[in-house]
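Have a look at the structure below, then the notes.
These figures come from a predicted structure and were not determined experimentally. Below, chains carry the letters A, B, ... as their sequence lines are ordered, and counting in each starts from 1.
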There are 4 protein chains.
Amino acid sequence: MVGYGFMGAAHSQGWRVAPRFFDLPAQPEMSLLVGRRGGPVADAAAKWGWAETSTDWREAIRRDDIDVIDIVTPGDSHAAIAIAALEAGKHVLCEKPLANTVDEAAAMADAAASAAARGVYAMVGFTYRRVPAATYARELVTGGAIGEVRQVRAEYLQDWLVDENAPLAWRLQKEHAGSGALGDIGAHAIDLSQFITGQRLTGVSGIIDTVVKERPLLAEGSGLSGTAGTGFGTVTVDDVALFNGRFEDGALGSFVASRMSTGRKNALRIEVSGSRGAIAFDLEDMNALGFYDGTAPVDRQGFAKIIVTEAEHPYVASWWPAGHMLGYEHGFVHQAKDFIEAIATGTQPRPSFADGYQVQRVLGAVEQSSGANGVWTDIA
Amino acid sequence: MVGYGFMGAAHSQGWRVAPRFFDLPAQPEMSLLVGRRGGPVADAAAKWGWAETSTDWREAIRRDDIDVIDIVTPGDSHAAIAIAALEAGKHVLCEKPLANTVDEAAAMADAAASAAARGVYAMVGFTYRRVPAATYARELVTGGAIGEVRQVRAEYLQDWLVDENAPLAWRLQKEHAGSGALGDIGAHAIDLSQFITGQRLTGVSGIIDTVVKERPLLAEGSGLSGTAGTGFGTVTVDDVALFNGRFEDGALGSFVASRMSTGRKNALRIEVSGSRGAIAFDLEDMNALGFYDGTAPVDRQGFAKIIVTEAEHPYVASWWPAGHMLGYEHGFVHQAKDFIEAIATGTQPRPSFADGYQVQRVLGAVEQSSGANGVWTDIA
Amino acid sequence: MVGYGFMGAAHSQGWRVAPRFFDLPAQPEMSLLVGRRGGPVADAAAKWGWAETSTDWREAIRRDDIDVIDIVTPGDSHAAIAIAALEAGKHVLCEKPLANTVDEAAAMADAAASAAARGVYAMVGFTYRRVPAATYARELVTGGAIGEVRQVRAEYLQDWLVDENAPLAWRLQKEHAGSGALGDIGAHAIDLSQFITGQRLTGVSGIIDTVVKERPLLAEGSGLSGTAGTGFGTVTVDDVALFNGRFEDGALGSFVASRMSTGRKNALRIEVSGSRGAIAFDLEDMNALGFYDGTAPVDRQGFAKIIVTEAEHPYVASWWPAGHMLGYEHGFVHQAKDFIEAIATGTQPRPSFADGYQVQRVLGAVEQSSGANGVWTDIA
Amino acid sequence: MVGYGFMGAAHSQGWRVAPRFFDLPAQPEMSLLVGRRGGPVADAAAKWGWAETSTDWREAIRRDDIDVIDIVTPGDSHAAIAIAALEAGKHVLCEKPLANTVDEAAAMADAAASAAARGVYAMVGFTYRRVPAATYARELVTGGAIGEVRQVRAEYLQDWLVDENAPLAWRLQKEHAGSGALGDIGAHAIDLSQFITGQRLTGVSGIIDTVVKERPLLAEGSGLSGTAGTGFGTVTVDDVALFNGRFEDGALGSFVASRMSTGRKNALRIEVSGSRGAIAFDLEDMNALGFYDGTAPVDRQGFAKIIVTEAEHPYVASWWPAGHMLGYEHGFVHQAKDFIEAIATGTQPRPSFADGYQVQRVLGAVEQSSGANGVWTDIA
């Protein structure tokens with residue numbers, strides 16, 4: 001695994017726990033953790049249970065005993081590592097967003113396509129697809145339970161940047177993060193709405209904005225949870241992104257990605273309205289799914305709050321009895337399981353790099369539209 | 001009162017009940033009900049308690065014993081009646097939207113300004129401002145309880161048109177209704193978000209769409225609840241409208257107005273995120289208001305569900321003890337009360353025709369943007 | 001109508017509004033309002049639209065032009081007025097609880113039975129039966145939608161007495177109110193749970209308590225909303241009542257009636273669990289009903305939040321379009337309608353005095369059990 | 001660890017994960033898994049990562065390299081194993097309920113007290129105390145945030161036995177399980193309500209019942225999730241238990257433990273009403289806590305839904321950023337952490353066997369009351 005931030009902890013938990021609850025065709029070994037600074041990476045390896053460490057990701061690629069490269073670094077390094085790994089015959093799991101630019105993402109998708117032809121696979125980590133309620137939502141929608149998709153509402157709301165004194169972390173710098181709320185959390189809303197509907201966006205119109213334009217420089221820490229130091233710097237990514245889009249079968253969707261939604265902590269919400277019903281997902285209530293059955297007798301229609309913890313629900317049979325809740329990192333366990341199964345059986349894991357590249361094109365189109373006064377922009 | 005559809009029942013209830021719970025400076029008399037067809041209007045008058053009827057609205061304007069004209073007809077007749085009434089020295093309450101076109105609305109606002117100079121007042125019926133939770137939301141926001149407004153999310157979701165066999169009522173015909181979901185319910189989202197924030201929209205970018213383009217002709221009935229007959233006709237108004245806008249102090253707002261939101265019955269929702277807190281209003285839970293106090297200790301922060309039924313809340317002291325809920329038509333009672341008080345004290349009731357005209361300009365700008373590929377459009 | 005407190009306003013609204021929305025076989029006339037003190041009763045009559053007033057309820061009974069006596073006084077005067085009225089051939093609507101003692105209630109039920117034989121009817125005002133969601137819950141349960149009743153949970157939670165400085169109103173004095181939380185709100189929980197299940201309680205075991213035992217004397221006002229004066233007095237009724245009971249087909253039910261439930265304003269909640277489903281009613285969310293359909297596919301089961309505002313739901317067709325909410329006093333409108341229909345058609349309105357007497361016996365059994373160390377007590 | 005049912009998986013996850021997120025003073029080693037049948041126990045050990053297996057729990061006690069015995073067997077074997085382990089100088093973690101009878105629990109508490117004097121500690125596994133929202137609720141209540149406790153409502157609702165064809169698992173047989181809904185889930189409601197209030201119950205009055213009295217014999221499987229075979233057997237434990245109790249400072253509490261609550265999957269709910277506020281916990285919404293601050297301005301009071309995922313909340317700082325949810329097994333991770341810390345620092349972990357014994361006495365008093373017609377029963 002290359003990288004050891006917050007995502008590193010989550011991925012480590014995925015590899016560690018997956019074999020304890022699922023019957024896997026191959027057993028993962030947590031062999032090598034790579035990071036730029038030797039001390040911290042050693043601490044992380046000890047903490048999370050990685051056998052060895054390195055400060056050079058190329059070492060991981062050179063080693064014959066390593067089959068999989070898991071990339072959890074900031075987006076600006078994804079392309080170099082992933083492409084090198086794929087060319088070296090390593091399967092790759094790469095955190096989202098796939099890259100910081102559409103061009104890098106395109107190169108990665110190309111590399112993945114070439115590798116796949118050689119039986120080497122790449123996958124991008126939109127783990128929220130693997131929250132059981134989200135997976136189940138897709139099953140319902142693509143299985144016809146709500147009829148034709150008529151309208152989509154998607155939003156990812158956080159309040160992490162409402163505080164003007166939250167420091168200028170790497171996620172707020174375009175050169176490292178590529179994008180702000182749009183790319184970091186809006187990407188999830190795009191991927192998940194496309195995943196659940198089974199349809200891709202064909203065009204968008206949007207506006208992105210930076211509400212708090214200057215922030216204290218970062219003293220220490222990383223991600224979005226560091227400590228403020230002295231001096232101020234300019235925020236170079238968006239903290240609010242609003243856009244509307246059209247899905248391939250014609251339905252319109254509205255999207256909000258914001259880190260200015262005071263009081264909302266992690267509200268990734270997807271509502272899909274269909275001709276015969278609707279589903280409503282909310283990551284803040286992640287063990288439940290709203291389902292409206294428009295074919296029930298009129299007097300009995302209402303959004304049912306399905307607690308998605310029955311053995312009949314995706315992934316759940318391997319966990320606990322009904323009513324026992326899963327949490328955030330379970331999605332990473334499911335990701336590890338699905339990845340291992342795909343690799344072991346020689347099939348393409350999803351979401352593929354091509355999927356990630358498509359999301360990147362949507363993000364790019366939103367930025368382009370925002371830069372062109374909101375004009376409708378087709379997704380190339 | 002001119003008109004006797006669904007809104008006629010609501011306004012009648014307002015006039016009837018207001019004096020029974022509020023101490024008014026003048027007592028309303030329900031004297032004359034006007035409608036085009038004599039039989040139905042007589043039935044409605046008997047039902048709702050109007051003393052006399054007429055089939056000519058000009059009679060109401062000619063009569064000296066009538067001081068107030070209440071207009072609840074479809075939007076295409078608002079301008080003629082309201083302007084004539086104001087010129088004749090009658091105070092006017094006119095249902096929203098103010099008119100079907102921006103030009104008509106402009107003429108009405110002009111007439112209202114002239115009349116106000118003579119002590120004759122006009123008001124437009126955005127009654128949702130008078131749902132106590134909405135009024136209270138405005139008090140909180142304009143009183144500084146959430147700090148500076150950072151972001152607004154507004155949506156008005158219904159599912160009245162999901163059924164493809166819902167007939168082609170007048171509300172689905174541009175010549176009568178002027179607009180569809182945008183003008184009928186989107187107008188409420190615009191007015192209410194501006195009312196609560198105390199800020200006007202300065203520009204928008206949007207797209208409107210008609211998901212179901214052909215519908216059965218109407219056999220009988222009106223509004224959106226008629227019976228389907230034989231033959232089909234073309235829907236000439238939108239059933240989904242999505243737009244983003246900027247408020248005058250800079251915050252972005254996202255807007256959804258839809259009659260394709262399966263399972264959502266009357267979900268007018270406004271969430272205002274501020275630098276120190278947030279409010280969340282939902283008309284489907286109209287006796288409650290969500291309030292997030294960002295100044296509380298971090299571990300105690302959360303959206304409080306305030307049940308807005310205390311004597312300290314707007315309008316409530318005149319009704320029931322705490323915890324006893326108000327319903328839809330109470331807003332019309334409050335509207336009648338506020339209108340009567342304003343007239344009796346010679347002050348301009350709000351929302352004024354100028355307010356209604358401004359909403360109409362926003363609606364017009366959304367339509368213009370939608371027609372121009374979503375390009376950002378300033379509100380004139 | 002005899003009495004003019006908070007209940008008087010609600011009943012007046014019922015008589016006034018019912019004919020405006022429902023087609024009634026007879027039209028109510030609000031002729032005479034009776035109260036002990038002439039000035040206040042005159043004010044109330046003017047406010048609520050009663051034609052005349054009197055300070056002697058016997059006048060109402062003597063007058064030939066009066067057909068119905070509506071009793072909204074404190075419980076200690078119910079028996080005398082109701083029995084006299086019935087004997088004089090007046091139909092009677094009497095607020096709940098029927099009386100302050102089981103003996104008085106028995107006498108009233110006897111009088112009502114005699115009167116009914118002469119075509120004169122009496123009804124007790126458990127209006128919450130007529131909240132559409134509650135009426136609909138009964139339809140579902142007694143119609144078999146949840147199978148056999150397995151368990152009932154009923155609670156009526158308020159926080160009106162949490163404040164130790166809330167004054168010693170008549171509702172806190174046994175000689176006037178008969179009972180406290182048990183009789184005032186617990187009675188609703190008993191009646192509604194029996195109404196929804198269609199089953200009566202056969203025995204109970206309970207404990208009642210008075211958490212705040214001394215309160216300031218009342219300076220002015222009445223009900224529970226008066227102003228505290230000087231000096232303290234002893235609270236002689238309960239403010240918390242807990243009991244368990246068995247319904248006639250064997251299911252157990254748990255009951256909580258409390259005015260010490262901090263933050264709960266008017267939470268009358270009934271959940272009925274059946275062999276094939278469940279319903280959940282909450283008066284604080286009175287336009288919705290929770291319905292769990294245990295016959296749906298396992299993966300789709302969940303409590304549906306049915307918004308009970310469709311024309312298919314009880315009482316609703318006469319009101320507003322779907323999604324437009326009703327409030328507290330609508331139950332009184334429905335009560336007026338149902339009462340008038342029953343009288344006009346010569347049928348016994350429900351809940352009858354016999355029903356009210358049965359609830360009184362349950363209340364009596366709870367008090368008896370509480371006085372006997374919680375021992376199980378059959379309902380006579 | 002002795003035993004390898006559903007609880008074995010949860011405890012294993014606790015031991016495995018705790019050192020990966022928390023800095024522990026000692027590192028757990030998962031050395032020996034004990035079960036009666038060699039094959040299944042070997043499978044479980046491989047699955048969950050235990051180094052060795054045995055079919056005799058006495059082996060675990062004999063081995064010098066084992067310091068801690070974790071007991072997750074059915075309740076009828078707890079006493080023998082725990083007492084032997086403590087006498088052999090092993091620290092003990094024992095699943096709840098402590099034992100099947102009050103006498104066994106007493107003996108275990110005695111053994112634990114003796115052992116503690118020798119620096120050997122025992123703890124009982126009421127893990128729900130370690131759900132962050134529950135721990136935080138205790139902090140609020142015992143820290144005075146809601147004032148004096150006035151009333152408690154506690155319920156644990158499941159629907160696992162609504163289906164009449166659910167088979168006769170060991171949990172439904174008194175000789176193995178000791179008790180049914182009362183002991184299995186009611187015990188949690190008792191412990192958690194005492195934990196949050198910081199007060200013990202002093203007396204109870206209750207009734208327990210078995211709604212479905214005959215069930216199919218178990219073909220295979222265990223717990224409550226086995227497969228029905230042929231033939232029927234008698235259920236010898238309760239499936240519904242209702243009781244009321246008094247806490248030591250005088251507040252009354254109502255308790256419901258039921259496996260007949262159709263549609264409720266795992267609804268352990270505790271609401272504590274105080275003189276200045278209230279808290280409301282619901283295990284089905286386990287990352288949130290309801291908090292009502294009765295000291296806020298009246299118009300701003302409402303139950304706040306605190307999402308208990310801030311670094312300021314108990315246990316959370318070691319996990320994910322704000323808004324990232326924890327699940328069921330995290331309580332077992334926290335339990336492992338707290339147990340290890342207590343052992344390493346030579347302090348008594350809580351809940352102690354004395355705590356477990358007290359819960360057992362409450363359970364015993366409820367059963368005694370139920371057998372004595374509901375009469376109030378002091379807790380010895």
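- The aromatic rings of C:F6 and B:H324 stand perpendicular to each other, their planes meeting at an angle above 60°, with 30° marking the opposite boundary.
- When heavy atoms are compared at a cutoff of 4.5 Å, C:D285 approaches chain B solely by way of its side chain, counted from C-beta outward.
- The shortest distance between side-chain heavy atoms of B:M325 and C:L283 does not fall below 4.5 Å.
- Distance check: C:I307 CD1 to B:E284 CD gives 3.5 Å after rounding to the nearest 0.5 Å.
- When all heavy atoms are compared, the tightest approach of B:P321 to C:W160 is CB-CH2, 3.8 Å.
- Between chain C and the options B:E310, B:R20, B:K265, the largest number of non-hydrogen pairs under 4.5 Å is found for B:R20.
- Contacts with chain B were tallied for C:W48, C:Y328, C:W319; C:Y328 has the most, counting heavy-atom pairs under 4.5 Å.
- In terms of heavy-atom proximity, B:H330 sits nearest to C:E329 at NE2-OE2, 2.8 Å.
- The parts of B:A10 that come within reach of chain C are both its backbone and its side chain, each placing non-hydrogen atoms under 4.5 angstrom from that chain.
- Closest approach of C:Q13 and B:F21 over heavy atoms only: OE1-CE1, 3.4 Å.
- Among C:T309, C:D23, C:N287, the residue with the largest count of heavy-atom pairs under 4.5 Å with chain B is C:D23.
- Atom CZ of B:F22 is separated from atom NZ of C:K47 by 8.5 Å, given to the nearest 0.5 angstrom.
- For a residue to count as touching a neighbouring chain, one of its non-hydrogen atoms must lie under 4.5 Å from one of that chain's; by this rule C:A9 touches chain B with backbone and side chain alike.
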